[in-house]
Number of protein chains: 2
Amino acid sequence: MVVNFARSPCPIASTLDLVGDRWTLVVIRDMLNGKSRYNEFAASPEGIPTNILAERLKRLTESGLAEKHLYQEHPPRFEYRLTHKGAELLPVLQEICRWANVHIPDTWIPPTAFMRKRRKSN
Amino acid sequence: MVVNFARSPCPIASTLDLVGDRWTLVVIRDMLNGKSRYNEFAASPEGIPTNILAERLKRLTESGLAEKHLYQEHPPRFEYRLTHKGAELLPVLQEICRWANVHIPDTWIPPTAFMRKRRKSN
DNA sequence: GTAGTGACTTTTATTTTGCAAGTGACTAAT
DNA sequence: ATTAGTCACTTGCAAAATAAAAGTCACTAC
């Protein structure tokens, strides 16, 4: 189930092939907020099912958005951290937050730190 | 299947409840590019299945992102146009395009008109 | 009257999701 | 030493979503 061919060369469709589902961006949000461990992701209020979480973490690493690091040998435990590629989705999530705060009632205002962070160049 | 309760008050999770699937943002992209008719959406290169298209158009109108207008009586024909709420997703799609153009090889560079358009205020 | 188009709906099949339970490695408590 | 518990998953299975194909209904063009 590796993404070999996108549906089209459209940047939007291609991005959706990677993160276009109900859960992937929620996990990336958590990673951007400093979470890195399975139980931290599982503890988020949306309540991601554990099988979906495991599958998404695998897909994120396979698609180069995150990296898996062993941080403890016995028992083996892993951290999942965003790669540069994954972390650069921040502006997308920031725009989503801006939109939601305007158009969906009662959504949380994200921490200033989250909204102020900038991608490096461009 | 109306969205009554979001999974959480998180703006990201709430937005994904509305547009977090493989097709909705592709349809919104087409609307932002001036397409408004069923056959125009169906003709896009991603090849959305017609049952999914019909269901998405219904959901978009139900969630207030688009509006359905009769433009011809015999036979009845409809146009689907973004509401203000829907059109304000433009900055999200622009950021997705920026990200994809950097991180996914061979994605189309969107028309300058699409990238330069601005949301009104803020 | 035959063919074709537009906007769908229906049918059927495949894939994804979600819930529950299970597993193996270890840790802490009794 | 047995028991219970946590962590990071995996497995099994039912339900929902998605997809491909075909069907429908109202027209229009020839």
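Chain A is the first sequence line, chain B the second, and so forth, proteins listed ahead of strands; every chain is numbered from 1.
Within the 4.0 Å cut-off from OP1 or OP2 of C:dG18, at least one side-chain nitrogen or oxygen of A:Trp23 is found. Regarding contacts with the backbone of D:dA8, a side-chain N or O of A:Tyr71 is found under 4.0 angstrom from either OP1 or OP2. A close approach under 4.0 Å does occur between a side-chain nitrogen or oxygen of B:Arg56 and OP1 or OP2 of D:dT18. Between A:Tyr38 and D:dT10, a side-chain N or O to OP1/OP2 separation shorter than 4.0 Å is absent. Note on B:Arg22: every side-chain N or O is 4.0 Å or more away from OP1 and OP2 of C:dT16.
Within 4.0 Å of A:Phe41, counting heavy atoms only, lies no atom of the nucleic acid at all.
Rounded to a whole Å, the CD atom of B:Gln72 is 16 Å from the P atom of C:dT5. The CD atom of A:Glu55 sits 19 Å away from the P atom of D:dA8 (whole-angstrom rounding). To the nearest angstrom, P of C:dT16 lies 12 Å from CG of A:Asp17. To the nearest angstrom, C1' of C:dG18 lies 11 Å from CD1 of A:Ile48. The nearest whole Å value for the distance from the CZ atom in A:Arg59 to the C1' atom in C:dT17 is 12 Å. Rounding to whole angstrom units, NZ of residue A:Lys58 and C1' of D:dA8 are separated by 13 Å. Between the CD1 atom of B:Ile52 and the C1' atom of C:dC8 there is a distance of 14 Å, given to the nearest Å. Straight-line distance from the CG atom of A:Leu53 to the P atom of C:dT16: 17 Å, rounded to whole Å.
The side chain of A:Thr50 approaches D:dC9 more closely than any other nucleotide in the set C:dT9, D:dC9, D:dA19. Of the listed nucleotides (C:dC8, C:dG6, D:dT18), C:dG6 has the atom at the smallest distance from the side chain of B:Asn39. If you check C:dT9, D:dA19, C:dC19 against the side chain of B:Pro49, the one that comes closest is D:dA19. Comparing D:dT18, D:dC9, C:dT11 by their nearest atom to the side chain of B:Asn51 picks out C:dT11. When distances run from any side-chain atom of A:Ala54 to the nucleotides D:dT11, D:dC9, D:dA19, the shortest one goes to D:dC9. Taking the side chain of B:Pro75 as heavy atoms from C-beta on, and the options D:dC9, C:dT17, D:dA26, the nearest nucleotide is D:dA26. Checked against C:dT17, D:dC7, C:dG18, the side chain of A:Arg77 finds its nearest nucleotide in D:dC7.
Heavy-atom distances to DNA chain C give each of A:Pro76 and A:Gly47 a nearest nucleotide, and the one nearer the 5′ end belongs to A:Gly47.
Taking 4.0 Å as the cut-off between side-chain N and carboxylate O, A:Arg29 and A:Glu46 count as a salt-bridged pair. The existence of a salt bridge linking A:Glu62 and A:Arg59 is excluded, since no basic side-chain nitrogen approaches an acidic carboxylate oxygen closer than 4.0 Å.
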(request) Walk me through it: do A:Ile104 and B:Asp17 pass the test side chain to side chain contact (heavy atoms under 4.5 Å, CB included)? (result) CA-CA 11 Å; A:Ile104 307 179; B:Asp17 286 337; over 6 Å; no
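Under the 3.5 Å distance criterion, with hydrogens and angles disregarded, no donor-acceptor pair is assigned to the side chains of A:Thr83 and A:Glu67.
Residues B:Arg116 and B:Gln94 share a closest heavy-atom pair of N-NE2, 4.3 Å.
A cation-pi arrangement is not found for B:Arg56 relative to B:Phe41, the charged atom failing to lie both closer than 6.0 Å to the ring centre and inside a 45° cone about the ring normal.
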